[in-house]
Amino acid sequence: MRRALLAFLAMAGIAIAAPTQAQNASPVLDGVRARGEVRCGVFGLLPGFSAPDAQGVMRGLDADFCRAVAAAALGDAAKVRFVTAPSLAASLESVETASVDILSSNLTATALRDAGRNLVPVGVLLHDGQGVMVRTDADIAAFRQLEGKRICVAAPAVDGSLAILHNAATRAGIAITPVPIAQGGPALIAAFRAGDCDAVSADAAALATLRATDLPNPASAVVLPERLSREPLTPFVPGHDNRWRQIVTWTLHALVAAEELEVNSGNLETAIQSDNTETRFLLGLDPGLGQALGLADTWALEAIRQVGNYGEIFDRNLGEGSAIGLDRGLSDLWRRGGLLYPYPFR
């Protein structure tokens, strides 16, 4: 398909512009090009977001976002090296010190993760919120029914889940017994399975993932419908390189805009014949943005062709095309009642 697409572009007189360099200084991009790869920090233990498959290939929403950035910056989605860290603090430090180029690790953008640190969030990759999962046979349908229950939750040193749970219980006027777990993710489910608690609380998308992958019978548990917090999950990049921030930010907007414009990895040959001005600018048919970013004009086209638009990425990792079956919810397009709202391509 790539050869056919390039041939069509050539016949149409559309140049595949080489990335510009001098007026687009970016230490991170220069390092990416010199190494020939994007270093992507991921959690690496949460299927649907980032976890190795049976062949050892990193899969998930976070992993695929880094592949999209590699396709945009280097023209090849495979040129990614995934890096894991032993702790949340180490993950944040890795992007602050630019030992990774992107940290895409299902992390919430918060005030203290932005202010005063040498890292910046690049936009919301997934709109989530803290939830609670209970056993199906407990006959609990709402948070207020958790009166007196033991709830496994990540310890304060891991994230803010314990404080969020406390605040939600106060609002609901119920007394609960938090059971702090020193490590999040699979450790929470292990404690839940062992009977150490009656419920488990974490980001709802993570709970849905762990329910599908870490419980012998996923139907034995259910995630309650309430959300106790707002958790805009975002990738982070080093704070000292504005041009790299622009590249990563606009790659995210490109994936969402492509879905809105009904451009996907399977219909690009048709899409490049479009007379829609935003589609043409997105795909580099009307040049300008690529040069401004220091990339080839076809940077977004390559990300979409090789990785897919946002909907394709979500569906295969978390949605209907995955074992998790997560509903898009707030991570749907704004025209369908969600919060995904790409910046205009013009």
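Just the heavy atoms: all of them, side chains too, but no hydrogens, waters or symmetry mates, feed the values below.
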Would you mind checking if Glu278 and Arg346 are paired as a salt bridge, meaning a charged N to carboxylate O distance below 4.0 Å? no
Within the distance-only criterion (no hydrogens, no angle test), does the side chain of Ser331 pair as donor or acceptor with the backbone N or O of His127 below 3.5 angstrom? yes
Minimum heavy-atom separation for Val80 and Cys40, please, with both atom names. CG1-CB, 3.8 Å
Is there a donor-acceptor pair closer than 3.5 Å between any side-chain N or O of Asn317 and the backbone N or O of Gly60? yes
Interatomic distance, CG@Leu125 vs CG@Asp64, rounded to 0.5 Å, equals 10.0 Å
Could you give the distance from CH2 (Trp250) to CG (Leu295), rounded to the nearest 0.5 Å? 13.5 Å
Search all heavy atoms of Leu46 against all heavy atoms of Ala206 and return the closest pair with its distance. CD2-CB, 4.0 Å
Contact check, side chains of Pro121 and Asp114, non-hydrogen atoms, under 4.5 Å: yes
Going by the angle between their ring planes, with limits at 30° and 60°, are Trp334 and Tyr341 parallel, tilted or perpendicular? tilted
Which heavy atom of Ala254 sits nearest a heavy atom of Ile304, and at what distance? O-CD1, 4.5 Å
Could you tell me whether Arg171 sits above the aromatic face of Phe143, with NZ or CZ closer than 6.0 angstrom to the six-membered ring centre and within 45 degrees of the axis? no
Side chain of Asp128, backbone of Ala205: donor and acceptor closer than 3.5 Å? yes
Can you find a heavy atom in the side chain of Val134 that is under 4.5 Å from one in the side chain of Leu146? yes
Main chain of Glu231, side chain of Ser229: is a donor-acceptor contact present, judged purely on distance under 3.5 Å? no
Asp101 and Arg35 ion-paired at < 4.0 Å: yes
Under a 4.0 Å threshold between the charged nitrogen and the carboxylate oxygen, would Arg193 count as salt-bridged to Asp214? no
Flag the pair Arg81 and Glu37 as a salt bridge only when some basic side-chain nitrogen lies within less than 4.0 angstrom of an acidic carboxylate oxygen. yes
Is there side-chain contact between Ile313 and Leu61, with at least one heavy-atom pair below 4.5 Å? yes
Side-chain (Arg150) to main-chain (Gly195) donor-acceptor, under 3.5 angstrom: yes
Validation row: Val307, Phe65 side chains within 4.5 angstrom (heavy atoms): no
Hydrogens and angles aside, do Asp62 and Ser104 bring a side-chain donor and acceptor to less than 3.5 Å of each other? yes
Do Ser105 and Phe49 come close enough that some side-chain heavy atom pair is under 4.5 Å? no
Does Arg336 come within less than 4.0 Å of Glu259, counting only side-chain N to carboxylate O? yes
Among side-chain atoms of Asp241 and Ser26, is any donor-acceptor pair under 3.5 angstrom? yes
Could you go step by step and tell me if Ser265 and Gln306 meet the side-chain hydrogen bond (donor to acceptor under 3.5 Å, both in side chains) rule? CA-CA 7 Å; Ser265 61; Gln306 297 182 46; over 6 Å; no
Look at the side chain of Gln145 and the backbone N and O of Ala141, then say whether any donor-acceptor pair between them is shorter than 3.5 Å. yes
Quick check: do Ile102 and Val95 have side-chain heavy atoms less than 4.5 Å from each other? no
Find out whether Leu92 and Leu103 are in side-chain contact, i.e. whether some heavy atom of one side chain is under 4.5 Å from a heavy atom of the other. yes
Less than 4.5 Å apart, side chain to side chain, heavy atoms only: is that true for His240 and Asn118? yes
Side chains of Ser201 and Gln130 only: does a donor on one sit below 3.5 Å from an acceptor on the other? yes
Can the positive tip of Arg113 be found less than 6.0 Å from the middle of the six-membered ring of Phe236, inside 45° of the ring normal? no
Tell me whether Asn309 contacts the main-chain N or O of Val263 through its side chain, where contact means a donor paired with an acceptor under 3.5 Å. yes
